[in-house]
There are 2 protein chains.
Amino acid sequence: MHKQDVTIYDVAREAKVSMATVSRVVNGNNNVRKETRDRVMEVIKRLHYQPNAVAQGLASKRTTTVGLIVPDLTNLYFAELSKGIDDIAVLYKYNIIISSVENRLMKEDAVIQGLLNKQVDGVIYMSNKLSEEATEAFKRTDTPVVLAGTVSGNSEFPSVNIDYKKADTEALNLLLNDGKKKLALVVGDKEAPINRDNRIPAFEKFVADNELEGCEVFDGIKDYSDGYNLYPELAKKGINGAIVTKDVSSVGLLNSALDRGAKVPEDFEIITASATQIASVVRPALTTIKQPLYDLGAVAMRMLTKLMNDEGLEEKHITLPYELIKKQSTLNK
Amino acid sequence: MHKQDVTIYDVAREAKVSMATVSRVVNGNNNVRKETRDRVMEVIKRLHYQPNAVAQGLASKRTTTVGLIVPDLTNLYFAELSKGIDDIAVLYKYNIIISSVENRLMKEDAVIQGLLNKQVDGVIYMSNKLSEEATEAFKRTDTPVVLAGTVSGNSEFPSVNIDYKKADTEALNLLLNDGKKKLALVVGDKEAPINRDNRIPAFEKFVADNELEGCEVFDGIKDYSDGYNLYPELAKKGINGAIVTKDVSSVGLLNSALDRGAKVPEDFEIITASATQIASVVRPALTTIKQPLYDLGAVAMRMLTKLMNDEGLEEKHITLPYELIKKQSTLNK
DNA sequence: TCAAATGGTGCAATCGCTTACAGCTAATTT
DNA sequence: AAATTAGCTGTAAGCGATTGCACCATTTGA
């Protein structure tokens, strides 16, 4: 970064006004006579003046920048959330500093502290679970934080989610109606609050309510090959219907079932709980719980803009509707 | 953003030194006596002092922030590039401001100007083509810029790419060796330099060199359904081998072919030129030109760090190796 | 007609840091 | 022993903006 060529001071001198007036013009303050404004504007154009956002940030204590914390950029679930966030951010003229935190030596609280040091006006946090460190780091600051598609143990932070319990129950019903009674719930990490407090209890309640037997939760299935390798176990146990939280795992499971000669959906049905592109391009296409990822992100960012303007929130926790999209991996009776 | 609680001044007072000394300690300057350093460090710890990066940025004219310009976050091609960039950025302690520019009202030069106003130390630009506006905007600044996975008309800006001509030629050879002689090149936009200056000339040369007939370039195939809808036309024209630049389009084409009873790869072979997750989870799995996306990003970011430190570059344009990965959508003879 | 309100502008302090430069002490040369 | 040099620290001038306050000239109201 080299010395800035033209500063507010240059504009002031050239337009024969004070820096204060130039600043007012730049910031759209009304208290400037039209002629003065025009003259200043003309000089700004002529000199190609561009305000230095860093100096603005220091003086005004607002950087029009928000931090985005995301586990992994290449996970389409978070990528689509991010897109919703980004679009709203652009609308409100915020820039986004993105930080991915999965598989990093740097701890989450250090990442968050780094963002706070950069004086971000707000933070959006996305993850399967809100980590301890993150919680502590957020508590220490008064910079607003919103959780997007992230379940936290407590309800301290504003959040946007869908009703995971209801969605799962509806999906399980679909399987049961198709005559599948030995059901599985396949998760990445059963200790993540989204699973521990939502999906697993919903699953267990469903099993109990319907007096099903031989149903089971399978943990630690995080990627394609985990899913692929899981199928034999399911087959051995006679499982004939599964809800899989991650889309790549679902596809692994699907391909594995097909490779071993199972008929999907006749012998084995799969529903995936995250409807990214991948779920819809495989054959048979996967029936999905379609989360409104873009909207989750967009709503979260909108909430954050309100918090950053001290506008207050009508609702602290927003629940968006989901859709159960029936495709070819279930019978569709 | 509220008033910062503890500033460098507080630390100075508490440690009975000047701000300058605290600043030296914070920045790891050697010219501080060990005892003084220890005393300052102790106070920093005790008061939980965190430097204000905005103030640092204004005073030092370096923000340790780089701008990332990407067409679309949810495009896995760019997401994987971004991951490589991000990892190296973390290593060198840079933050990333990400801006997506596809389908936006805001023009690219405005986006770039916004980044420059934030005083980013450098910019990485990713796209299928370097736009006019972007070129002009970059020329006006002395902030370093690196192109990652982006072909530009001129060679003004440092860049990292693979040898697209060579890769395509090798892929075409594979198809020809499998006995497929009516070949197609399926692109998103034939005016993009990567296509206009690399892929299409390579295709045409190959066709001419091998005296093939009925080969053709298909333009405007940008997404799944474009690919899906394209197949009948290919079939009618007797095309039996295709190279598709976008992975989702390839999958559309593949599914369409299968749905219409074509045998892949016996009747029709497909090679996709971007090897993202999607290409490997579909059945039959797609043979791909595997670009080292992560590395492209990482190398680009490494180049940028050198430029930001005025270290100079050994090579301005870096070409990374690709791999032709044979899967099930070609015969594999 | 005079006091009060309003609008437009400038002054100058401030935001929290970095960094020449200078000065001082103690160590090293000559 | 005097002159350099090296090591450590402080002073203070920025960096480029925002903003509270004061001031003056007009309007407005009674």
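These numbers come from a predicted model, not from an experiment. Order of the sequence lines fixes the chain letters, A, B, ..., with proteins taken first and strands second; residue numbering starts at 1 for each chain.
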Polar pairs (N or O, both sides) under 3.5 Å between protein and nucleotides 8-11 of chain D?
from: D:dT9; atom 1: OP1; to: B:R33; atom 2: NE; distance (Å): 3.3
from: D:dT9; atom 1: OP1; to: B:R33; atom 2: NH2; distance (Å): 3.1
from: D:dT9; atom 1: OP1; to: B:T36; atom 2: OG1; distance (Å): 2.2
from: D:dT9; atom 1: OP2; to: B:R33; atom 2: N; distance (Å): 2.8
from: D:dT9; atom 1: OP2; to: B:T36; atom 2: OG1; distance (Å): 3.3
from: D:dG10; atom 1: OP2; to: B:S18; atom 2: N; distance (Å): 2.8
from: D:dG10; atom 1: OP2; to: B:S18; atom 2: OG; distance (Å): 3.2
from: D:dG10; atom 1: OP2; to: B:T21; atom 2: OG1; distance (Å): 2.8
from: D:dG10; atom 1: O6; to: B:R24; atom 2: NH2; distance (Å): 2.5

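Among D:dT18, C:dC17, D:dG16, the nucleotide with an atom closest to any side-chain atom of A:T7 is D:dG16.
We find that CG of A:N27 is positioned 7 Å from P of D:dT19, with the value rounded to whole Å. Taking atom CZ on A:R13 and atom P on C:dG10, their separation rounds to 15 Å, with Å as the unit. Computed from coordinates, the B:Q56 CD to D:dA17 P distance equals 20 Å when rounded to whole Å. The distance between atom CG of B:N117 and atom P of D:dG16, rounded to the nearest whole Å, is 13 Å. Nucleotide D:dG16 holds its C1' atom 16 Å from the CG atom of A:L47, rounded to whole Å. The separation between B:Y9 atom OH and C:dT18 atom P is 16 Å, rounded to whole Å. In this entry the distance linking NZ of A:K118 with C1' of C:dG16 reads 16 Å, nearest Å. Between the CG atom of B:D10 and the P atom of C:dG16 there is a distance of 9 Å, rounded to whole Å.
B:Y125 and B:F138 have their aromatic ring centers within a separation under 6.0 angstrom.
Proximity of B:S23 to B:I8: side-chain heavy atoms (C-beta onward) are separated by under 4.5 Å at one or more points.
Shown here is A:K107, whose NZ atom has no more than 12 heavy atoms of other residues, nucleotides or ligands within 6.0 Å. When the shell of 6.0 Å around NZ of B:K316 is examined, it contains more than 12 heavy atoms from other residues, nucleotides or ligands. With a 6.0 Å radius and a threshold of 12 heavy atoms from other residues, nucleotides or ligands, A:E314 has its CD atom at or below the threshold. No more than 12 heavy atoms of other residues, nucleotides or ligands sit less than 6.0 Å from atom CD of A:E132.
Contact check, B:N52 against C:dC15: no side-chain N or O comes under 4.0 Å of OP1 or OP2. In this structure, B:Y49 reaches the C:dC17 phosphate: one of its side-chain N or O atoms is under 4.0 Å from OP1 or OP2. A close approach under 4.0 Å does occur between a side-chain nitrogen or oxygen of B:K61 and OP1 or OP2 of D:dG16.
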(message) Between A:R104 and B:D87, is the salt bridge (Lys or Arg N to Asp or Glu O under 4.0 Å) condition met? List the steps.
(response) CA-CA 9 Å; A:R104 283 239 186 289; B:D87 279 357; 2.8 Å; yes
